[in-house]
Amino acid sequence: EDSALLGRFQDRVDAEEKIEPRDWMPDGYRRTLVRQISQHAHSEIVGMLPEGNWITRAPTLRRKVALLAKVQDEGGHGLYLYSAAETLGVSRDELVGQLLSGKAKYSSIFNYPTPSWADIGAIGWLVDGAAIMNQVPLCRCSYGPYARAMVRICREESFHQRQGYELMLALAQGTTDQKRMAQDALNRWWWPALMMFGPSDEQSAHSSQNMAWKIKRFSNDELRRRFVDATVPQAEFLGLTIPDPELRFDAETGHYAFGAIDWTEFNEILKGNGPCNRERLEARRKAWDDGAWVRDAATAHAAKRKQRALK
Ligand code: FAQ
């Protein structure tokens with residue numbers, strides 16, 4: 001690639017100018033964005049499944065309405081993000097194909113099961129909480145379409161996080177059994193939520209380049225640390241215990257110190273060997289196959305309208 005073009009590109013990024021779809025950009029920048037935005041889109045779509053499991057069994061109408069709205073929002077985020085990825089010259093079919101063939105990644109967190117209603121609270125509180133921590137800085141990403149998509153997505157995630165925390169609060173203040181359910185959900189979701197931020201900074205292959213391109217603004221470990229700092233007091237308010245015997249406040253650094261993450265578990269999930277990896281992909285494949293007639297009908301309708309317009 002032309003070094004003058006590269007230099008000018010980096011100057012624009014450094015000056016906080018937004019890069020737009022028709023602007024010149026290095027191949028690596030384009031590839032990285034397609035990878036990250038499509039992984040993010042797939043995460044939203046696959047992320048509908050663990051919570052979707054509880055829509056028909058929500059305990060009250062109010063809870064059902066909130067959960068239905070949340071899962072619909074996630075579908076909307078996925079479509080929004082696929083559109084942002086398409087501005088980089090890839091087709092949606094290609095991206096969906098990569099997901100269904102198992103080639104594309106999506107967030108590790110969605111490969112865990114949701115056996116209890118309290119999991120819905122824990123997902124909203126912890127998974128959306130982690131998502132917000134990671135995604136608010138993405139509103140300032142150098143690539144315009146992704147940054148703008150993130151603004152609306154973050155507002156909706158914030159509602160999701162609150163409904164989750166409020167659900168956890170109701171359980172934590174409820175009967176002994178309800179409190180036990182809430183604690184059990186926290187025990188199962190805590191460590192996977194910390195893994196959402198990705199490998200440690202030493203292991204993170206893409207971080208330094210992504211930060212130079214201002215796609216990422218903070219490193220994986222930095223965001224993870226902020227998440228722990230924000231979440232520990234929330235757990236205390238709930239009267240629940242974070243399942244980490246090494247967790248303690250370090251007055252010297254002003255941050256919580258926490259135990260070691262089980263990276264073997266994380267890597268196994270990335271390889272497709274998590275508790276629900278196969279089930280999740282099967283559900284997406286079935287949805288794709290079952291939806292074929294809708295895509296066919298929409299294509300036929302569009303062709304008809306085009307023909308009518310030509311007459
Ligand atoms: N799971 O070098 P890095 C949501 C991969 S929130 C799976 O650090 P990077 C909302 C990574 O892709 C979840 N794979 O990479 C919601 C790379 O693989 P590759 C989605 C992971 O890109 C809530 C390799 O490891 N959010 O959906 C994970 O600089 C509730 C090396 O890693 C986003 O996608 C992981 N946890 O940093 C929905 C946010 N972590 O391609 C429903 C946007 C890392 O080399 C219900 N993405 N990998 O084979 C990002 O900010 C970044 O891509 C990171 C990773 C931070 C995830």
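First listed ligand is number 1; within each ligand, the first listed atom is number 1.
- A donor-acceptor pair shorter than 3.5 Å can be found between the side chains of R92 and S83.
- Of all protein heavy atoms, the one closest to atom 31 (C) of ligand 1 is P199 CG, 4.0 Å.
- Nearest heavy-atom pair across R188 and P115 is NH1-CD, 3.5 Å.
- Within the 4.0 Å heavy-atom criterion, the part of N220 lying near ligand 1 is the side chain and not the backbone.
- D250 and H255 are not linked by any side-chain donor-acceptor pair at a separation below 3.5 angstrom, with hydrogens and angles left out of the test.
- Nearest to atom 13 (C) of ligand 1 by heavy atom, out of S107, S38, G129, A205, is S107.
- No side-chain donor-acceptor contact under 3.5 Å links D128 and Q161.
- Of the protein's non-hydrogen atoms, the one nearest atom 57 (C) of ligand 1 is Q39 NE2, 4.0 Å.
- Within a 4.0 Å radius of atom 24 (C) of ligand 1, the protein contributes no non-hydrogen atoms.
- The shortest contact between atom 10 (C) of ligand 1 and any protein heavy atom is with E157 OE2, 3.4 Å.
- Close approach of ligand 1 to L270 is summarised as follows: ligand atoms under 4.0 Å from at least one heavy atom of the residue are 1 (N), 7 (C), 14 (N), 25 (O).
- The heavy atom nearest to atom 27 (O) of ligand 1, considering only S43, A131, S219, G75, is found in S43.
- Within the 4.0 Å heavy-atom criterion, the part of E51 lying near ligand 1 is the side chain and not the backbone.
- Looking at M211, K105, H206 and measuring to atom 5 (C) of ligand 1, the nearest heavy atom belongs to K105.
- Polar contact with ligand 1: absent for D128 (N/O pair, distance under 3.5 Å).
- Contact annotation: for H160 versus ligand 1, there are no heavy atoms closer than 4.0 Å.
- Between H40 and Y146, the angle of the ring planes goes over 60°, which puts this pair in the perpendicular group of the 30/60° scheme.
- In the hydrophobic clustering (ILVMFWY side chains linked at under 4.5 Å, chained through shared members), W293 is joined by V294.
- Less than 4.0 angstrom separates some heavy atom of Q135 from each of these atoms of ligand 1: 6 (S), 26 (N).
- Assignment of Y146 to the shell around ligand 1 is supported, since a heavy atom sits closer than 4.0 Å.
- Of the protein's heavy atoms, at least one falls inside 4.0 Å of atom 20 (C) of ligand 1.
- At under 3.5 Å, a nitrogen or oxygen of N210, whether backbone or side chain, sits near a nitrogen or oxygen of ligand 1.
- Residue pairs meeting the side-chain hydrogen bond (donor to acceptor under 3.5 Å, both in side chains) criterion with at least one member in residues 196-209, sequence neighbours excluded: D201-S219, S204-S207, S207-K216.
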